[in-house]
Amino acid sequence: MNPADAPLFRRRLLEWYQRRQRPLPWRKTHDPYRIWVSEVMLQQTQVKTVQPYYVRFIKRFPTLRRLAGADLQDVLKQWEGLGYYARARNLHRACTIVLKQHGGRVPDTWGPFRVLPGVGDYIAAAVLSIAFNRPHAVVDGNVKRLLARLLTLTAPVNRAASHRLFQEQAARLLDRRRSGDFNQAMMELGALVCTPSSPQCPLCPLVRFCAAHRSGATARFPRRVASRPVPEIEAAVGVVFKNGRVLITQRPAQGLLGGLWEFPGGKLREGEGPAAACVREIKEEVNLEVVVESALAQVRHAYSHFRIRLHVFRCRYAAGRVRRSGPAAHRWVRLADLDRFAFPKANRKFIPLLSRRPKAEV
DNA sequence: TAATCGTGGAG
DNA sequence: TCTCCAAGATT
């Protein structure tokens with residue numbers, strides 16, 4: 001696009017955004033903390049999914065101080081089901097830093113804000129532009145797709161090496177006087193009109209500027225490199241009953257599902273049966289002897305980079321005292337109290353079955 | 001750089 | 001059922 005076209009491009013985009021923007025809960029506020037929360041939740045997560053989480057989260061933690069003062073377990077419980085739990089851990093930690101080092105005021109410039117945990121280039125540009133109208137251009141999946149089509153950029157959108165190019169083009173087009181609206185307009189247009197499949201070009205306010213549309217090549221943008229196949233893992237977990245309570249363990253604070261609670265278990269070994277794996281893993285993780293009573297469920301679940309088939313067993317405590325090797329903590333809890341803890345989705349899938357009567361023998 | 005990190009919607 | 005991919009950050 002010719003640089004001389006940029007002013008008209010911006011005007012068209014902003015006019016469209018003013019007419020068509022969705023009334024989202026985080027658009028009712030100028031509070032940088034609330035905008036920050038929304039941007040963290042929106043990472044790799046659709047607007048539709050985020051909305052109820054955002055409303056509940058802000059009701060529970062209405063200010064940065066309230067979040068900074070909360071227990072991480074309460075934060076994770078609010079985050080339960082949203083995924084990518086490092087976002088919640090980092091946001092919580094970042095707020096404690098802002099409280100200590102900045103008196104509870106969200107930094108309004110790049111340097112001090114960008115260094116906070118969980119704040120990358122996107123979040124920094126989004127929060128600073130939307131809350132403080134600072135002239136930083138955001139580059140998310142929407143913006144990359146839109147730019148790839150608009151300018152027929154052949155750089156694959158899912159390669160790190162492409163990022164600089166998209167960032168430069170976004171910065172070049174940015175309306176520096178209305179950067180918050182401009183950024184949101186770009187993303188909104190990508191979400192509503194310049195969609196991944198079957199984009200609504202006749203409704204697009206920028207169609208006259210679009211190189212892909214001009215050459216009839218919209219469907220060939222954005223370019224993307226093939227993703228590698230996802231491995232499938234098989235695992236077994238046991239719900240161990242003892243005196244009317246069940247044993248739950250807490251995952252280590254870092255890494256996959258860090259800080260969440262789960263039922264003990266682990267991967268099957270080569271040639272090992274699910275029930276045997278269940279007994280062995282429980283012995284290894286918490287040093288208990290258990291007896292498998294019945295098969296409770298088989299759960300299939302897709303994580304970000306692998307899939308799992310989970311064999312779930314109802315077990316009875318037989319002998320031993322808990323000595324942990326792996327889990328960060330453990331509890332014996334009543335079924336009615338399981339809802340107080342944050343569990344991964346794969347566990348939530350079978351928890352409702354626990355209050356039913358045991359089924360057939362294995 | 002590329003792998004890791006969840007879950008759900010949509011085709 | 002499978003794949004893509006969504007307001008990305010970290011290591």
Side-chain angles (χ1 to χ4, degrees), chain A residues 17 21-22 24-27 35-54 76 79-91 93-94 114-130 136-146 156-164 166-167 170 180 182-192 194-199 222 224-232 251-252 254-260 262 299-309 342-349:
Chain A
Y17 180 63
Q21 64 169 287
R22 293 166 288 181
L24 302 174
W26 45 89
R27 288 186 175 151
I35 291 166
W36 184 8
V37 169
S38 76
E39 292 300 343
V40 174
M41 287 188 170
L42 285 163
Q43 270 186 53
Q44 299 290 286
T45 310
Q46 294 185 349
V47 166
K48 177 80 175 290
T49 303
V50 167
Q51 292 196 64
Y53 279 90
Y54 173 83
L76 287 174
W79 209 271
E80 181 184 17
L82 202 49
Y84 285 146
Y85 299 93
R87 294 183 296 177
R89 302 193 302 265
N90 284 332
L91 177 61
R93 188 154 60 93
R114 174 65 178 79
V115 298
L116 295 170
V119 177
D121 287 347
Y122 169 80
I123 298 252
V127 173
L128 294 178
S129 67
I130 296 169
H136 303 287
V138 300
V139 176
D140 76 329
N142 291 306
V143 173
K144 284 182 183 174
R145 182 175 59 255
L146 199 156
V157 291
N158 58 343
R159 288 292 275 274
S162 310
H163 193 78
R164 174 184 295 273
F166 288 103
Q167 185 71 62
F182 178 90
N183 282 332
Q184 292 186 84
M186 291 282 280
M187 295 188 283
E188 193 83 339
L189 189 62
L192 299 182
C194 196
T195 48
S197 59
S198 52
R224 173 176 291 278
V225 297
S227 55
R228 49 195 188 88
V230 291
E232 172 144 354
R251 297 181 61 89
Q254 307 298 324
L256 183 71
L257 305 168
L260 271 64
E262 65 182 1
V299 171
R300 300 177 63 86
H301 189 75
Y303 289 93
S304 46
H305 56 295
F306 64 93
R307 291 179 311 189
I308 191 166
R309 208 165 80 222
F343 282 90
K345 185 65 181 180
N347 279 221
R348 281 287 169 208
K349 283 180 177 176

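Just so we're on the same page: letters track the sequence lines, and every chain starts at 1. The structure displayed is predicted, hence computed values, not measured ones. As a basis for the values below, the full set of heavy atoms in this structure was taken, side chains included, without hydrogen atoms, waters or symmetry mates.
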Judged by atom type as modelled, is there a donor-acceptor pair below 3.5 Å linking the side chain of [X] to the main-chain atoms of [Y]?
X	Y	result
A:Q51	A:L24	no
A:R87	A:V40	yes
A:N158	A:V225	yes
A:N183	A:H136	yes

Notebook entry, point to check: More 5' along DNA chain B: A:F306 or A:A161, using each one's nearest nucleotide?
Noted result: A:A161
Note to self: Say we look at B:dG8 and C:dA9: how far apart would their P atoms be, to the nearest angstrom?
What the structure shows: 22 Å
Checklist line | Between B:dA3 and C:dA7 - P atom distance, rounded Å | finding: 24 Å
According to a strict under-4.0 Å criterion, is [X] in side-chain N/O contact with OP1 or OP2 of [N]?
X	N	result
A:S227	C:dC4	yes
A:R87	C:dT10	no
A:R348	B:dG8	no
A:H305	B:dG6	no
A:K345	B:dG8	yes
A:R307	C:dT1	no
A:Y84	B:dT4	no

Which part of the nucleic acid does [X] contact within heavy-atom distance under 4.0 Å: base, sugar-phosphate only, or nothing?
X	result
A:N183	nothing
A:R89	nothing
A:R27	base
A:I123	sugar-phosphate
A:G81	sugar-phosphate

Taking the side chain of [X] as heavy atoms from C-beta outward, which of [options] is closest to it?
X	options	answer
A:R224	C:dC2, C:dC5, C:dA7	C:dC5
A:D140	C:dG8, B:dA2, B:dT7	C:dG8
A:W26	B:dG6, C:dA7, B:dT1	C:dA7
A:P196	C:dC5, C:dA9, B:dG6	C:dC5
A:S304	C:dA7, B:dG6, C:dA9	B:dG6
A:T45	C:dA7, C:dT10, B:dG6	B:dG6
A:Q44	B:dG6, B:dT4, C:dA9	B:dG6
A:S197	B:dG11, B:dT7, C:dG8	B:dG11

Note to self: Does A:R159 have more than 12 heavy atoms from other residues, nucleotides or ligands lying within 6.0 Å of its CZ?
What the structure shows: no
Next item on the list: Establish whether the base of B:dG9 is bridged to the side chain of A:T49 by a donor-acceptor pair shorter than 3.5 Å.
Entry: no
Notebook entry, point to check: Do A:Y122 side-chain and C:dG8 base share a donor-acceptor contact under 3.5 Å?
Noted result: no
Nucleotide [N], atom [atom2] - distance to [atom1] of [X] in whole Å:
X	N	atom1	atom2	answer
A:Q46	B:dG6	CD	P	18 Å
A:N158	B:dA2	CG	P	10 Å
A:R114	C:dG8	CZ	C1'	11 Å
A:Y54	B:dT7	OH	C1'	21 Å
A:K349	B:dT7	NZ	P	9 Å
A:Q43	B:dC5	CD	P	15 Å
A:K144	C:dA6	NZ	C1'	12 Å
A:M187	C:dA6	CE	C1'	13 Å

Next item on the list: Return the 5'-most residue of the pair A:L24, A:V230 with respect to DNA chain C, ranking by each residue's nearest nucleotide.
Entry: A:V230
Margin query: I want to confirm an ordering. Mapping A:V47 and A:Q254 to their closest nucleotides on DNA chain C, which one lands closer to the 5' end?
Written below: A:V47
Checklist line | Side-chain H-bond candidate by donor/acceptor type, A:Q43 with A:Y122, under 3.5 Å | finding: no
Next item on the list: Determine whether A:R145 and A:N142 make a side-chain contact, defined as any pair of heavy atoms from C-beta on separated by less than 4.5 Å.
Entry: yes
Checklist line | Ring center gap for A:H301 and A:Y303 short of 6.0 angstrom | finding: yes
